[in-house]
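What follows is a single structure, written as structure tokens, with notes after it.
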2 protein chains.
Amino acid sequence: MKQSAPELLKKSGLKVTKQREAILDILLSSPAHLTAEDIYLDLKAKSLDFGLSTVYRTLSSLEEHRIVEKTGLPGDTGKQYYEIAHLGHRHHLVCVKCKRCIVLDECPVESFTAAVCKAHGFTLTGHSFEIFGVCPDCQN
Amino acid sequence: MKQSAPELLKKSGLKVTKQREAILDILLSSPAHLTAEDIYLDLKAKSLDFGLSTVYRTLSSLEEHRIVEKTGLPGDTGKQYYEIAHLGHRHHLVCVKCKRCIVLDECPVESFTAAVCKAHGFTLTGHSFEIFGVCPDCQN
DNA sequence: GTACCTGCAAATTGTTTGCCCCCAG
DNA sequence: CTGGGGGCAAACAATTTGCAGGTAC
């Protein structure tokens, strides 16, 4: 299931540049939910100092090609979060304090979502199921 | 369950002003998911031309008092959405094209969320369960 | 070689703040 | 009357865009 960054880029007809490769690598290796700035700082930490706009532009094209997904988190300060697209499936357990995020494998709602869509005449494109809580470390 | 705007304000120790009343009324009568600008324009349509900052400030205090919730939507352009707080419960069927939003009453995952939290040592604060699709009107 | 990509800086857009006047309690 | 609340404009923050030069293919 896991693909390498250059492969993914090539498959979508995008030119393979070290900027894109590095950005995609970060997203692939992160558990989840990164902001554009997170990525920018992460790059800096690796002494890869690209412009912030490159990060944004790369994220947009990756989003257009359905490689990553953009999302918002509840109660947050208006930043956008990016993560590798999982074909419309997101199941996370998120700590509301430290934003740590655990990926859930189970999906107990597949049949439910399909039924709801059918009932309302919608064409299902995906769903998001996120549980919010305070993780053990943040409970003091 | 449904309360009037002045009641809700008074109960939280907030002064009742026509601005707050009007903004809260809009939120109460909307099916869901409004941006600050939506509210601003809605007010204008009713010839209630308050400043945009009043809308934001009102929304913040309402949020502090747990009357409304702020949230982000997947794939969106970086705006914050506001809606009446349902104590951490959100179950929506959202059209990815027109953003129309249907509120779901059922919650098939109550016990599942509790179990997941327990398994990871988290203290549950809420969950979000949203289904995305294309509504009948947008299918052409 | 050409079209697409990057970098920088300036422009936009969404949201917050400061200051002063005003109204609800 | 008094303090929180509202209006306006300026500040801030996140993201986008225009343009000149570079680089993958």
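Below, chain A is the first sequence line, B the second, and so on; all start at residue 1.
Rounded to whole Å, the distance from CG on A:Leu48 to P on C:dT6 is 13 Å. Between the OH atom of B:Tyr82 and the C1' atom of C:dT15 there is a distance of 8 Å, given to the nearest Å. Straight-line distance from the CZ atom of B:Arg57 to the P atom of C:dG18: 10 Å, rounded to whole Å. We find that CG of B:Leu52 is positioned 18 Å from P of D:dA11, with the value rounded to whole Å. Rounded to an integer number of Å, the gap from B:Gln80 CD to C:dT13 P is 18 Å. C:dC23 atom C1' lies 15 Å from atom CD of B:Glu21, rounded to whole Å. If you measure from atom NZ of A:Lys79 to atom C1' of D:dC12, you get 13 Å, rounded to the nearest angstrom. Taking atom OH on A:Tyr56 and atom P on C:dT12, their separation rounds to 18 Å, with Å as the unit.
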task = With side-chain contact (heavy atoms from CB on, under 4.5 Å) as the test, would you mind laying out the steps for B:Glu83 and B:Tyr81 before giving the verdict?
result = CA-CA 7 Å; B:Glu83 66 182 308; B:Tyr81 288 78; over 6 Å; no

Donor-acceptor contacts, no H, no angles, side chain residues 41-55 of chain A, under 3.5 Å, sequence neighbours left out:
{"unit_1": "A:Lys44", "atom_1": "NZ", "unit_2": "A:Tyr40", "atom_2": "OH", "d": "3.4"}

Using residues 11-28 of chain B as the side-chain source, report each donor-acceptor pair under 3.5 Å to any protein atom, sequence neighbours left out, with the distance given to one decimal.
{"unit_1": "B:Lys11", "atom_1": "NZ", "unit_2": "B:Gln3", "atom_2": "OE1", "d": "2.7"}
{"unit_1": "B:Ser12", "atom_1": "OG", "unit_2": "B:Leu8", "atom_2": "O", "d": "3.3"}
{"unit_1": "B:Thr17", "atom_1": "OG1", "unit_2": "B:Arg20", "atom_2": "N", "d": "3.2"}
{"unit_1": "B:Arg20", "atom_1": "NH1", "unit_2": "B:Lys15", "atom_2": "O", "d": "3.1"}

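A 4.5 Å side-chain heavy-atom check between A:Leu124 and A:Lys118 finds every atom pair outside the cut-off.
A donor and an acceptor atom, one from each side chain of A:Gln139 and B:Thr123, are located under 3.5 Å apart.
Within residues 8-20 of chain A, the residues that place at least one heavy atom under 4.0 Å from DNA chain D are, in residue-number order, A:Lys15, A:Val16.
Ion pairing between A:Glu37 and A:Lys79 holds under the 4.0 Å rule for side-chain N and carboxylate O.
At a threshold of 4.0 angstrom between heavy atoms, the contacts of B:Ser53 include nucleobase atoms, whether or not backbone atoms are also involved.
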